[in-house]
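Read the structure below first, then the notes.
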Amino acid sequence: MRQLPANHQSLLQSIALIDCNSFYASCERIFNPKLLGKPIVVLSNNDGCIITRSAEAKALGIKMGEPYFKAKKIIEKNNVKVFSSNYSLYGDISQRVMEILLGFSPEVEIYSIDEAFLNFKGFKNHELLTYCKHIRQTIKQWVGIPVSIGVGSTKTLSKIANHLAKKEADYEGICILKGDEKIEEALNRIEIGDVWGIGRRLSKFLRNYGVCTAKQFAFLDRRWIRKNMGVVGEKIQLELCGVSCLDLELLPSPKKSCCVSRSFSRPIEKIEELQESIANYGSRVAEKIREEGLIAQSMSIFVLTNHFNKKEKQYSSSIKLQLDYPTSDSKLIVKRAVEGIQRIYKESYRYKKAGIILYELHSSSSVRGLLDYDKPRTDSLMRSLDEINYRYGSATLRLAAEGIRRSWHMRREKVSPCYTTSFDQLMIVKS
DNA sequence: TCTGGGGTCCTAGGACCC
DNA sequence: TCTGGGGTCCTAGGACCC
């Protein structure tokens with residue numbers, strides 16, 4: 001057998017990827033056990049697309065990212081349970097899972113809402129399986145979420161292992177990918193598009209060159225990869241060959257940008273309504289950076305028409321705007337955003353989406369707002385605003401520019417209760 | 001009728017300078 | 001009229017991730 005292009009010298013290097021199965025669907029099931037074994041889907045904002053499917057829903061042929069209205073027929077015919085996404089619930093459950101994982105390794109990278117990398121450096125291979133079984137069982141028992149675990153000597157290999165643990169029933173949710181032969185055989189079963197970092201475009205490009213599996217990619221000439229795919233491709237190949245290029249990021253790196261954008265529940269034509277919506281998003285994004293103790297120096301806003309609607313004329317525009325000084329003051333950010341809309345708005349288009357992105361974020365304590373004469377007053381005003389909205393619900397207290405009726409506001413027709421984060425929505429046990 | 005949102009990183013190309 | 005070359009920096013846009 002040919003050797004993989006690089007040796008797996010680091011036998012003791014073990015990284016585990018723990019990934020919650022159909023996370024949002026599993027969250028809904030915790031509080032509604034009747035849903036166990038039943039097909040479930042969870043919808044994106046605005047009840048637009050299907051973003052999570054339980055295993056049963058996948059088996060029915062419902063595709064990831066499919067628009068809800070297109071899948072409605074299958075859904076109704078098979079009595080699939082449908083939920084609008086409920087991020088405060090999922091965020092809370094995620095925290096509970098992550099807290100458990102922090103107890104299983106001193107080095108944990110929380111990679112996304114439903115995934116974490118754990119460093120198992122120094123573990124002997126035969127210990128790994130027992131340990132992973134224990135993790136899986138603990139999370140199931142304490143939180144009620146099923147997880148899959150993949151272990152490999154690099155992040156990319158642990159992703160591959162996780163993929164196999166999920167896809168192939170024999171693994172029973174845990175795949176330890178160790179030993180050159182075993183790795184090579186596994187890479188042979190992985191389609192190129194399922195490799196972490198190879199998306200739609202690259203996978204099409206590679207297939208055109210006859211590279212269809214992860215194994216073929218691992219054996220490609222590295223100079224060719226460098227030339228055609230840049231450093232990104234090169235790193236992926238090295239990682240597949242057991243050479244670690246991606247370190248665990250134990251501390252979350254500071255945010256560089258912060259965005260709030262939404263599609264409207266119906267097309268908007270009037271500038272007043274666009275301004276009202278951008279004022280809302282401005283307010284939310286300012287609130288978000290205040291929560292993290294950040295201030296922004298610049299921002300951009302954007303508007304889009306509905307590009308799916310081929311019959312309508314299309315327009316999209318964005319504009320970059322400077323703030324007078326770094327700030328997290330909702331009033332200033334909203335004011336600038338509303339002015340910005342005036343500059344990019346064009347009449348007689350039907351707008352579908354708008355958004356605001358804040359840039360050049362810094363810690364609010366690290367920068368003295370020399371130009372911000374009003375800083376103490378503003379800070380205390382914003383603090384009160386945040387406290388009231390935290391206690392009485394988001395946007396209870398808001399700027400006049402944000403409007404009252406907000407008829408363009410997003411749809412969320414099938415949302416479950418916030419079982420764990422809202423007192424008035426706690427589960428009631430009747431006896 | 002109805003098609004998500006929030007991030008990061010990399011690269012190509014233009015502007016500018018000497 | 002002819003009009004270099006190399007370096008840096010910035011930005012927009014693309015690709016990817018979940």
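Computed from a predicted structure; not experimentally measured. All chains are named by letter (A, B, ...) in the order of the sequence lines, taking the proteins before the strands, and each is independently numbered beginning at 1. No hydrogens, no waters, no symmetry mates; every other heavy atom, side chains included, goes into these values.
Distance NZ (A:Lys73) to P (B:dC2): 18 Å, rounded to an integer number of Å. We find that CD1 of A:Ile236 is positioned 14 Å from P of C:dA15, with the value rounded to whole Å. When rounded to the nearest whole Å, the span between CG of A:Asp47 and P of B:dT1 equals 18 Å.
Closest to the A:Asn306 side chain, of the nucleotides B:dG6, B:dT3, C:dC16, is B:dT3. With distances taken from any side-chain atom of A:Phe69 to the nucleotides B:dG7, B:dT3, B:dT8, the minimum falls on B:dT3. Side-chain proximity of A:Ser257 to the nucleotides B:dG7, C:dA15, B:dC10 is greatest for B:dG7. Nearest nucleotide to the side chain of A:Arg200, out of B:dC10, B:dG5, C:dC16: C:dC16. Candidate nucleotides B:dC2, B:dC9, B:dG7 were compared by shortest atom distance to the side chain of A:Arg411, and B:dC2 ranks first. Here the nucleotide nearest the side chain of A:Lys235, chosen from B:dT8, B:dC10, B:dG5, is B:dC10. Relative to the side chain of A:Arg201, the nucleotides B:dG6, C:dA15, B:dC9 differ in distance, and C:dA15 lies closest.
Of the two residues near DNA chain B, A:Arg226 and A:Phe308, the one whose nearest nucleotide lies more 5' is A:Phe308. Comparing A:Gly230 and A:His307 by the nucleotide of DNA chain B that holds the closest heavy atom to each, the one mapping nearer the 5' end is A:His307.
When heavy atoms are screened at a 4.0 angstrom cut-off, A:Lys320 is found touching no nucleic acid atom at all. Contact annotation for A:Asn45: backbone-only contact, meaning every heavy-atom pair under 4.0 Å involves sugar-phosphate atoms and none involves a base. No engagement by A:Ile113 is indicated, since no non-hydrogen atom pair under 4.0 Å with the nucleic acid exists. Residue contacts for A:Ile357: at a heavy-atom cut-off of 4.0 Å it reaches no nucleic acid atom on any strand shown. Heavy atoms of A:Tyr68 sit nowhere under 4.0 angstrom from any nucleic acid atom. Residue A:Asp114 is in sugar-phosphate contact alone, with no base atom involved, counting any heavy-atom pair closer than 4.0 Å across all strands shown. Among the heavy atoms of the strands, none lies under 4.0 Å from A:Lys72. Using a 4.0 Å heavy-atom criterion, one finds that A:Val285 contacts no nucleic acid atom at all. Counting any heavy atom pair closer than 4.0 Å across all strands shown, A:Glu115 reaches sugar-phosphate atoms only and no base atom.
A cation-pi arrangement, defined by a distance under 6.0 Å to the six-membered ring centre and an angle within 45 degrees of its axis, is absent between A:Lys353 and A:Phe264. In this structure, A:Lys81 satisfies the cation-pi test against A:Phe83, with its NZ or CZ atom closer than 6.0 Å to the six-membered ring centre and inside 45 degrees of the ring normal. Remark: A:Lys320 is positioned above the aromatic ring of A:Tyr359, its terminal NZ or CZ atom under 6.0 angstrom from the ring centre and at most 45 degrees off the axis.
Between the side chains of A:Tyr419 and A:Glu28, not a single donor N or O lies within less than 3.5 Å of an accepting N or O.
Side-chain N or O atoms of A:Tyr281 include none that pairs as donor or acceptor with a backbone N or O of A:Cys259 at under 3.5 Å. Under a 3.5 Å cut-off, the side chain of A:Ser328 and the backbone N or O of A:Ala286 do not form any donor-acceptor pair. In terms of modelled atom types and a separation under 3.5 Å, the side chain of A:Ser84 and the main chain of A:Asp47 share no donor-acceptor contact.
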Protein-nucleotides 12-14 of chain B N/O pairs under 3.5 Å:
none

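In terms of phosphate contacts, A:Lys288 brings a side-chain nitrogen or oxygen within less than 4.0 Å of OP1 or OP2 of B:dG7. For A:Ser263, a side-chain nitrogen or oxygen approaches OP1 or OP2 of B:dG5 to under 4.0 Å. Dashed line: the shortest gap from a side-chain N or O of A:Lys353 to OP1 or OP2 of B:dG5 is under 4.0 Å. The phosphate of C:dC18 has OP1 or OP2 within less than 4.0 Å of a side-chain N or O from A:Lys159. At the phosphate of B:dG4, neither OP1 nor OP2 sits under 4.0 Å from any side-chain N or O atom of A:Ser261. Between A:Ser44 and B:dT3 there is no side-chain N or O to OP1 or OP2 distance below 4.0 Å. For the pair A:Lys352 and B:dT3, the criterion of a side-chain N or O lying under 4.0 Å from OP1 or OP2 is met. At the phosphate of B:dC2, neither OP1 nor OP2 sits under 4.0 Å from any side-chain N or O atom of A:Lys70.
Comparing B:dC16 with C:dG4, their C1' atoms are spaced 15 Å from each other, to the whole Å.
In the displayed structure, A:Lys63 atom NZ is contacted under 6.0 Å by at most 12 heavy atoms of other residues, nucleotides or ligands.
B:dC18: Watson-Crick or G-U partner is C:dG5, with both key distances under 3.5 Å.
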Next item on the list: Show your reasoning for whether salt bridge (charged side-chain N to carboxylate O under 4.0 Å, His left out) applies to A:Lys335 and A:Glu339.
Entry: CA-CA 6 Å; A:Lys335 182 163 173 271; A:Glu339 289 164 6; 3.6 Å; yes

